[in-house]
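First the proteins, then the strands, lettered A, B, ... as listed; each starts at 1.
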Amino acid sequence: MLSVFHPYSARSLLYSRLHRNLRETTMTNLITIERIADHVGQRVTIRGWLYDLTPKGKLLFLRLRDGTGLTQGVAYRPEVGDELFERLAHLGQESSLIVSGTVKANDRAPGVPRGYEIAVEEAEVLQDAVGYPITPKEHGVEFLMDNRHLWLRSSKQWAIMRVRATIKRAIIDFFDSRGFLNIDTPIITPSAAEGTSTLFEVGYFDDKAYLAQTGQLYNEANIMAFGKVYCFGPTFRAEKSKTRRHLAEFWMVEPEIAFCDLEQLMALEEEFVSTVVGRALDERANELAVLERDVTALRNVVAPFPRISYDEAVQRVQAIRDATDDPELKEQLAIEWGDDFGSPHETELTKQFDRPVFVYGYPTAVKAFYMEPWPGRPEVCKSVDLLAPEGYGEIIGGSERMSDPEVLLAAIRRHELPEANYQWYIDLRRYGSVPHSGFGLGLERTVTWVCGIEHIRQTSPFPRTLNRMTP
RNA sequence: UCCUCAGUAGCUCAAUGGCAGAGCGUGCGGCUGUUAACCGCAAUGUUGUUGGUUCGAGUCCAACCUGAGGAGCCA
């Protein structure tokens with residue numbers, strides 16, 4: 001029995017009718033495409049959107065997506081009848097519809113998961129969409145970003161968001177299962193943790209305040225109450241950065257651990273990162289396939305990770321520089337002991353390894369004020385960055401924190417920070433100070449790397465960058 | 001803030017200083033296995049803005065606007 005609502009003021013949407021259609025739909029065996037393999041041979045119903053349409057004479061291929069996957073509906077004119085066939089054959093891309101039919105396994109069927117299709121028996125069109133702007137062809141960045149609200153429906157963007165959700169879940173599970181307390185840190189803060197130049201300013205009643213760029217200092221207070229904690233939320237940087245690695249708003253997870261030194265911190269980081277990557281590999285194989293990600297590179301991400309000192313890293317970069325014939329690269333790679341690494345340095349260094357690499361013991365001068373001095377080498381601090389392979393660069397910055405109140409006070413004065421704002425922070429060292437460490441991992445940079453994509457903006461559903469805060 | 005590149009049809013791009021073009025998408029028709037299908041027909045333009053050079057500017061010059069990705073900074 002066919003149920004085609006035809007004609008109704010062609011190509012216009014009537015809400016009352018739309019909702020009536022929805023209620024009257026036979027919901028027998030309503031499934032998600034994600035689970036289509038469990039329903040081979042059954043008559044099922046799916047609800048979703050038309051991703052693409054290929055007419056082929058008496059045969060019609062409808063690529064259908066429902067948010068959980070993508071599958072192929074096959075309509076055969078003699079079976080569905082002329083009326084429904086004609087209606088389906090002229091649907092616009094992204095039309096919304098409800099389709100019922102029998103699931104069949106077929107090697108030729110594309111989709112996520114691939115290899116299954118639905119022999120269409122019935123269909124109801126909720127809306128015939130006209131003029132959907134994003135075609136299954138090449139588009140430019142500006143056009144796609146202007147249409148971000150629609151671009152999210154495209155299969156690669158869909159896959160990235162699903163990988164992101166899994167990575168987020170894996171992060172939470174990792175810390176929750178290891179005795180960390182999830183605790184929230186403020187987003188509105190009175191001053192910068194590490195200087196004021198890169199913060200978004202907001203009005204706070206009659207005062208000025210800033211959007212937080214880190215929750216770390218608060219977490220140092222939290223660990224003295226709870227032992228091991230992590231915060232996980234949005235963070236804000238007003239840096240005028242226009243690169244494929246920067247967002248103005250991004251998510252960061254920041255664990256902080258009492259009674260933890262730099263060695264133990266690195267051990268935690270490598271276990272953490274390899275666990276998270278493993279979860280993405282296990283749970284998002286289909287999505288990584290959509291992204292055409294080389295998963296063998298991800299399978300190498302197994303602890304332990306190589307650990308090299310800043311001193312050694314400088315020597316390695318200098319050796320790479322000496323070996324190259326490319327004059328541009330030679331200039332970019334110029335570095336002396338005491339300089340911070342720029343992205344060209346990090347990129348070349350990470351090319352030497354097949355998994356993330358730790359660089360520890362940076363010069364005190366290029367790092368934040370709160371890092372513990374290296375014993376016997378005050379010009380070096382107990383900091384560690386974790387650099388992702390394949391040119392993806394820094395995904396984690398961490399350190400052992402200063403535990404001596406006098407040393408900390410001296411550092412605050414040396415950096416000319418407003419001392420009054422840091423009294424509570426110094427207090428943490430006055431009342432039961434212990435060695436402690438922590439790190440921050442950028443969610444979007446991690447997702448960019450795991451997905452193997454070009455640009456960080458694709459890892460945020462609605463990215464905020466230097467030149468864009470819409471849609 | 002600095003450097004480099006770009007802006008032409010809905011989209012992606014061509015066009016020696018000399019008639020504004022193609023592919024895709026869209027509409028109509030054809031095709032029983034399409035995977036960004038294929039074949040035929042049709043419609044589609046304030047060449048980012050302003051000024052200048054020239055008989056003539058999409059093209060050359062100047063300024064501006066918008067965007068891109070790289071530096072710095074950083075997750």
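With rounding to whole Å, L144(A) atom CG is found 17 Å from G10(B) atom P. Rounded to whole angstrom, the span from the CG atom of L211(A) across to the P atom of C74(B) amounts to 19 Å. Rounded to an integer number of Å, the gap from CG of N147(A) to C1' of G67(B) is 15 Å. Atom CD in E249(A) sits about 21 Å away from atom P in C74(B), given to the nearest Å. At whole-Å resolution of the value, CG in L150(A) and P in C11(B) are 14 Å apart. A straight line from CZ of F143(A) to C1' of G67(B) spans 15 Å, rounded to a whole angstrom. One can place NE2 of H345(A) at 10 Å from P of A71(B), the figure rounded to the nearest angstrom. Taking atom NZ of residue K137(A) and atom C1' of nucleotide A9(B), one finds them 17 Å apart after rounding to whole Å.
Taking atom C1' in both U49(B) and A36(B), one finds a spacing of 36 Å when rounded to whole Å. Atom name P, nucleotides C24(B) and G40(B): the rounded distance is 10 Å, in whole Å. Taking atom P on both U44(B) and A6(B), the two are 31 Å apart, rounded to the nearest angstrom. Rounded to whole Å, the separation between the C1' atoms of U54(B) and C60(B) comes to 9 Å.
Relative orientation of the F175(A) and F272(A) rings is tilted, given thresholds of 30° and 60° on the angle between their planes. Ring-plane geometry between F305(A) and F358(A) is classed as tilted, the angle between the planes lying from 30 to 60 degrees on a 0 to 90 degree scale.
Minimum atom distance to the side chain of H90(A) is reached by G29(B), of the listed C31(B), G29(B), A75(B). Nearest to the side-chain atoms of T54(A) among the listed nucleotides C74(B), C28(B), A37(B) stands A37(B). Considering only the side chain of E394(A), A75(B) comes nearest among U12(B), A75(B), U34(B). Here the nucleotide nearest the side chain of P136(A), chosen from C28(B), G72(B), A36(B), is A36(B).
Using modelled atom types, one side-chain atom of R148(A) and one backbone atom of Q458(A) make a donor-acceptor pair closer than 3.5 Å.
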Query raised in the report: How does RNA chain B read in dot-bracket, base by base from 5' to 3', with Watson-Crick or G-U pairs under 3.5 Å and | used when the partner is on another strand?
Result: (((((((..((((....[..)))).(((((.......))))).....(((((..]....))))))))))))....
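L247(A) comes within contact range of at least one nucleobase, with a heavy-atom separation under 4.0 Å. Counting any heavy atom pair closer than 4.0 Å across all strands shown, I395(A) reaches sugar-phosphate atoms only and no base atom. Here G140(A) lies in heavy-atom contact (under 4.0 Å) with sugar-phosphate atoms only. Using a 4.0 Å heavy-atom cutoff across all strands shown, R468(A) reaches no nucleic acid atom at all.
Contact check, S343(A) against A71(B): a side-chain N or O comes under 4.0 Å of OP1 or OP2. Side-chain nitrogen and oxygen atoms of R245(A) include none within less than 4.0 Å of the OP1 or OP2 phosphate oxygen of G72(B). Side-chain N/O atoms of N467(A) include none lying less than 4.0 angstrom from OP1 or OP2 on U66(B).
Around the NZ atom of K104(A), the shell of radius 6.0 Å holds no more than 12 heavy atoms that belong to other residues, nucleotides or ligands.
A donor N or O paired with an acceptor N or O is found under 3.5 Å between the base of G33(B) and the side-chain atoms of E117(A).
The structure places CG of D385(A) at 9.0 Å from CD of E269(A), a figure rounded to the nearest 0.5 Å.
In summary, of the residues considered (W374(A), Y360(A), F341(A)), a ring-ring contact (aromatic ring centres under 6.0 Å, His included) with Y310(A) occurs for F341(A) alone.
Side-chain atoms of Y425(A) and E220(A) include a donor-acceptor pair closer than 3.5 Å. In the model, E121(A) has a side-chain atom that pairs as donor or acceptor with a side-chain atom of T102(A) under 3.5 Å. In this structure, a donor-acceptor pair under 3.5 Å is absent between the side chains of R108(A) and Q72(A).
Look at F61(A) and the base of G33(B); the rings do not stack under the cut-offs of 5.5 Å between centres and 30° between planes.
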